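A quick write-up on the structure given underneath.
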Amino acid sequence: MIEAVGLTKRFGAKTAVDQLSFQVKPGHVTGFLGPNGSGKSTTMRMILGLDRPTSGHVTINGRPFRELPNAQRHVGALLDAKAVHGGRRARTHLLSIAQLSGIPEKRVDEVLAVVGLQDAARQRTKGFSLGMGQRLGIATALLGDPQVLLFDEPVNGLDPEGILWVRNLMRRLASEGRTVFVSSHLMSEMALTADHLIVIGRGRLLADMGTQEFIAHNSAGFARVRTADTDPDGWDTLGKALTKAGGRVLQEPDGALRVTGLELPRISDLAHEAGVRLWELSPHRASLEEAYMRMTQSTVEYTSTDDPRAELWEPEPLSLPAWEEDEAEATAPEVPQTGFFAPPPPGAGGRPFLMPGKPGELASTTRNTTPHTPEDTR
Ligand SMILES: Nc1ncnc2c1ncn2[C@@H]1O[C@H](COP(=O)(O)OP(=O)(O)OP(=O)(O)O)[C@@H](O)[C@H]1O
């Protein structure tokens, strides 16, 4: 297990890591997420004893890295795949590390086979592609058969087959009871690989929770409901029935209704009771990428003027049906409230979510400041 307590690192006036406390537990792939410059690499370097914390501490299986006897046997890490002597052959590179750590030579050939570099074993690494370098870095991390593994952007430069291989490798290592801590900017990949997430922004902890829980907490799903075109009044009848039942109803540009706050079976029952035929009733769940973008948006340091995130907080494009307008006038603040509406499907515009007030406090979506409930994610 990796445990950080109040971990802080300052470089002059710059606080790269700010009072971080978290645990990375064995048996899980824990994703480490954060925008560029948020302090991920600095945190990993402190875990590995390469940077000294300004305050706080971090331990691996109860000990600081520098106090671990024969650390290579306990901890394997890939921080920078390019940190290899280019004139060395891949096998020689691994053999030199193995010999320094008392690891038998046959293990070198084992890890070369695991990462699929047997045929390149005698090539000099300066001729390696980005993907081959990543594979060699992963082989180096696995060399001591360690219980704790750290990977900083392990899928950088890998082709789709390589990405799938890394995903399966991480999951297998975790299923063997190892501690696997991996950073990546590829959200779709993280959603498939990590079962737990630690998210930081500007060096501070933003979230520490299961991947599915993170998505549920930081985005709201909704139901799309379309009434039969043959019944022109159907949407109005249904909208009123859903609103009366406590649902929040917005109208999509194509005439469908977007409903939050009601389960799909309940929407179906209400439509049936109102005598309205449905042509569509579908659940929409947010992606990890959307949840992550919403949570970290105000902690991003480097933003292009052409930032694709902009579409996540464009003015709400949906209209309020007539039966919602009275309620909106009574409850909506003069300045639109962040997190007030359910988010749109990815890429369709929407509003940002509330940011946590202090480190570790969850960003959550609220409607009229009511706490988020699991039902809201339907
Ligand atoms: N040796 C250093 N001296 C001064 N500042 C540093 C040093 N190392 C990191 N920083 C600063 O600390 C902050 C965090 O950097 P870090 O590399 O840890 O972020 P990161 O989350 O890994 O970013 P990325 O996703 O871009 O790799 C940045 O503002 C960076 O400029």
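Counting starts at 1 for both ligands and their atoms, following the listed order. Remember, predicted model here, so these are calculated numbers, not experimental data. When a residue number appears, it is its place in the shown sequence, counting from 1. All values below come from the heavy atoms of this structure, side chains included, with hydrogens, waters and symmetry mates left out.
Figure legend: Arg135 and Trp165 shown as a cation-pi pair, the cationic atom lying under 6.0 angstrom from the six-membered ring centre and within 45 degrees of its axis. By the 6.0 Å and 45° rule, Lys9 stacks over the aromatic ring of Phe11.
Side-chain N/O atoms of Ser41 and Asp152 include a donor and acceptor closer than 3.5 Å. Between the side chains of His185 and Asn156, no donor N or O sits under 3.5 Å from an acceptor N or O.
Of all the atoms in ligand 1, the ones that sit under 4.0 Å from a non-hydrogen atom of Asn36 are 23 (O), 24 (P), 25 (O), 26 (O). If you number the atoms of ligand 1 from 1 as listed, the ones under 4.0 Å from a heavy atom of Lys40 come out as 18 (O), 19 (O), 20 (P), 21 (O), 22 (O), 23 (O), 24 (P), 25 (O). Within ligand 1, the atoms closer than 4.0 Å to a non-hydrogen atom of Ser38 are 19 (O), 20 (P), 21 (O), numbered from 1 in the order shown. Close approach of ligand 1 to His185 (heavy-atom distance below 4.0 Å) involves ligand atoms 25 (O). Here is the list of ligand 1 atoms found below 4.0 Å of a heavy atom in Ser41: 17 (O), 18 (O), 20 (P), 22 (O), 27 (O).
Contact annotation: for Glu153 versus ligand 1, there are no heavy atoms closer than 4.0 Å.
Distances between N or O atoms of Gly37 and those of ligand 1 include at least one value under 3.5 Å.
When the options Leu50, Thr42, Leu48 are evaluated for a side chain to side chain contact (heavy atoms under 4.5 Å, CB included) with Met46, the one that passes is Thr42.
Considering each of Gly34, Pro35, Gly39, the one bringing a non-hydrogen atom nearest atom 19 (O) of ligand 1 is Gly39.
In this structure, Phe32 and Phe22 have tilted ring planes: the angle between them lies in the 30° to 60° band.
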